[in-house]
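Let me begin by presenting the structure, written as structure tokens, before commenting on it.
Positions are given from 1, in the same order as the sequence printed here. Not measured: the values here are computed from a predicted model.
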Amino acid sequence: MEVSLYIHIPFCRHRCAYCDFNTYAGLEQLIPAYLDALAEEICQVAEVAGHVDAGLTVATVFLGGGTPSVLPVEGLAALLAACRQSFRLAEGAEITLEANPGTLSRASLEGLRRQGFNRISLGMQSAHPADLRLLERQHDTFDVIRAVQWAREAGFEQLNLDLIFGIPGQTLERWQETLKLAAGMQPEHLSLYALTIEHGTPFGKWIEGGLVELPDEDLAADQYEFACTMLADEGYHHYEISNWARENEDNAAVCRHNLQYWRNLPYIGLGAGAHGYWNGARTVNVRGVSQYIARVREGKAATFPGGPAAEQVNPVSEWIEMQETMMVGLRLVEEGVGEQAFMQRFELPLAMVFRKPIERLIQRGLIEWAGDAPQRRLRLTRQGWLLGNQVFGEFIGLSEADYAKAGRGYSTTTRVP
């Protein structure tokens with residue numbers, strides 16, 4: 001079985017105003033202890049996983065955060081070495097590091113590439129100082145341009161830029177300039193996200209207090225539509241609602257790690273607050289950095305399928321797995337959810353299991369059938385791209401009675417492969 005590893009690095013130099021992730025500023029003194037704890041968790045989880053599946057192979061490794069690039073290269077190299085020592089990494093495994101452009105140097109990028117990192121994801125967000133100030137980003141456009149140049153010189157052939165649209169005060173013209181500048185740097189991959197206002201963040205409080213206006217949803221839709229058109233003209237393949245990859249013969253530029261999520265396939269989460277999904281359960285690690293270190297130091301052995309820092313291990317029934325497969329799979333705007341793949345996985349016809357929501361959404365023009373049997377697949381329409389959350393909601397929270405009607409005829413049970 002192939003799995004992916006997600007490793008969470010919860011440290012930042014500054015926590016951005018819109019951020020709702022499990023990240024912390026001012027805890028740099030805990031980095032050495034955190035790296036030691038991560039190495040121990042990697043070792044323990046790999047040992048447990050190996051007992052379950054001796055043929056387990058890791059196809060992708062993703063270090064996210066937080067800001068993984070605030071860690072010293074030596075520390076990141078040690079984490080990757082721990083992964084190699086404990087797991088079997090596939091030949092040509094995709095190994096990604098998220099980075100803030102302002103935390104990189106030519107030397108650090110050269111060191112990362114030497115150690116085996118082969119994909120870098122830069123949080124550009126915007127090309128305009130006003131946007132970056134409002135978001136409280138700790139870099140400017142020159143930092144991005146310089147980081148891209150250094151990454152290329154270091155030998156990175158897979159590079160992603162993250163961008164945010166729907167920022168208060170961000171005009172369509174300003175967004176167009178940001179997108180054109182980003183595309184002009186010729187990254188292999190672009191991730192474009194609408195700004196989400198999360199409760200409890202500084203941004204959320206500013207809006208509640210009337211200091212900042214709510215993002216304009218209609219303008220954000222126009223910005224997204226412009227991106228879809230422009231990036232197609234620039235030779236990018238729109239393969240997921242928020243993600244574009246440069247077109248080539250073997251789709252080498254797509255993010256293989258994120259495809260694992262969108263296809264609802266297994267991944268192991270490591271680090272403070274990390275989530276995982278493997279062997280019939282979703283796991284959640286304790287969030288706090290000090291608490292995470294303490295849990296691993298306690299010496300409590302990893303237990304299948306959670307690690308020593310897991311505070312939740314939630315079994316996933318077949319019915320929940322079906323619903324989640326629809327929710328994440330429909331994010332893939334071309335691939336969608338295939339009838340044949342669904343049948344192979346669940347031994348039930350997709351069109352029968354979700355007949356009512358499929359009929360409703362087709363009638364509303366939000367999803368469609370594409371292709372011919374046996375490759376027919378259900379996917380979003382272009383209108384559905386903009387209303388994806390409404391579509392996904394139709395497949396989540398369905399009752400066990402719906403499951404029985406779908407063809408199983410019995411109550412949900414936990415499935416552990």
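- Side-chain N or O atoms of Arg113 include one that pairs as donor or acceptor with a backbone N or O of Gly155 at under 3.5 Å.
- Not a single donor-acceptor pair under 3.5 Å links the side chain of Arg256 to the backbone N or O of Gln260.
- The closest donor-acceptor contact from the side chain of Tyr34 to the backbone of Ala272 lies under 3.5 Å.
- A pairwise comparison of heavy atoms in Val70 and Arg13 identifies CG1-CG, 4.0 Å as the closest pair.
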Working for side chain to side chain donor-acceptor pair (under 3.5 Å), residues Glu394 and Gln390: CA-CA 7 Å; Glu394 289 280 348; Gln390 294 184 27; over 6 Å; no

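- Ring pair Phe165/Trp175 is tilted by interplanar angle, where 30° to 60° counts as tilted.
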Check against side chain to side chain donor-acceptor pair (under 3.5 Å), Gln312 and Asn285: CA-CA 7 Å; Gln312 295 181 42; Asn285 276 359; over 6 Å; no

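- Ring centroids of Phe117 and Phe156 are separated by 6.0 Å or more, keeping the two rings apart.
- The shortest non-hydrogen separation linking Pro68 to Leu63 is CG-O, 3.4 Å.
- Relative orientation of the Phe354 and Phe395 rings is perpendicular, given thresholds of 30° and 60° on the angle between their planes.
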Side chains of residues 123-130: which donor-acceptor pairs under 3.5 Å do they make with residues two or more places apart or in other chains?
| residue | atom | partner | partner atom | Å |
| --- | --- | --- | --- | --- |
| Ser126 | OG | His128 | N | 3.1 |
| Ser126 | OG | Asp131 | OD2 | 2.8 |
| His128 | NE2 | Arg174 | O | 3.4 |
| His128 | NE2 | Glu177 | OE1 | 3.0 |

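- In this structure, Arg15 contributes its side chain and Cys19 its backbone to a donor-acceptor pair below 3.5 Å.
- A donor-acceptor pair under 3.5 Å is formed between the side chain of His8 and the backbone N or O of Asn22.
- Other residues, nucleotides and ligands contribute at most 12 non-hydrogen atoms within 6.0 Å of the CD atom of Gln363.
- With sequence neighbours excluded, no residue forms a salt bridge (charged side-chain N to carboxylate O under 4.0 Å, His left out) with Glu110.
- Side-chain atoms of Gln223 never come within 3.5 Å of backbone atoms of Asp218 as a donor-acceptor pair (strictly under, hydrogens ignored).
- A donor-acceptor pair is defined here as one N or O able to donate and one able to accept, closer than 3.5 Å; such a pair exists between the side chain of Ser86 and the backbone of Ala82.
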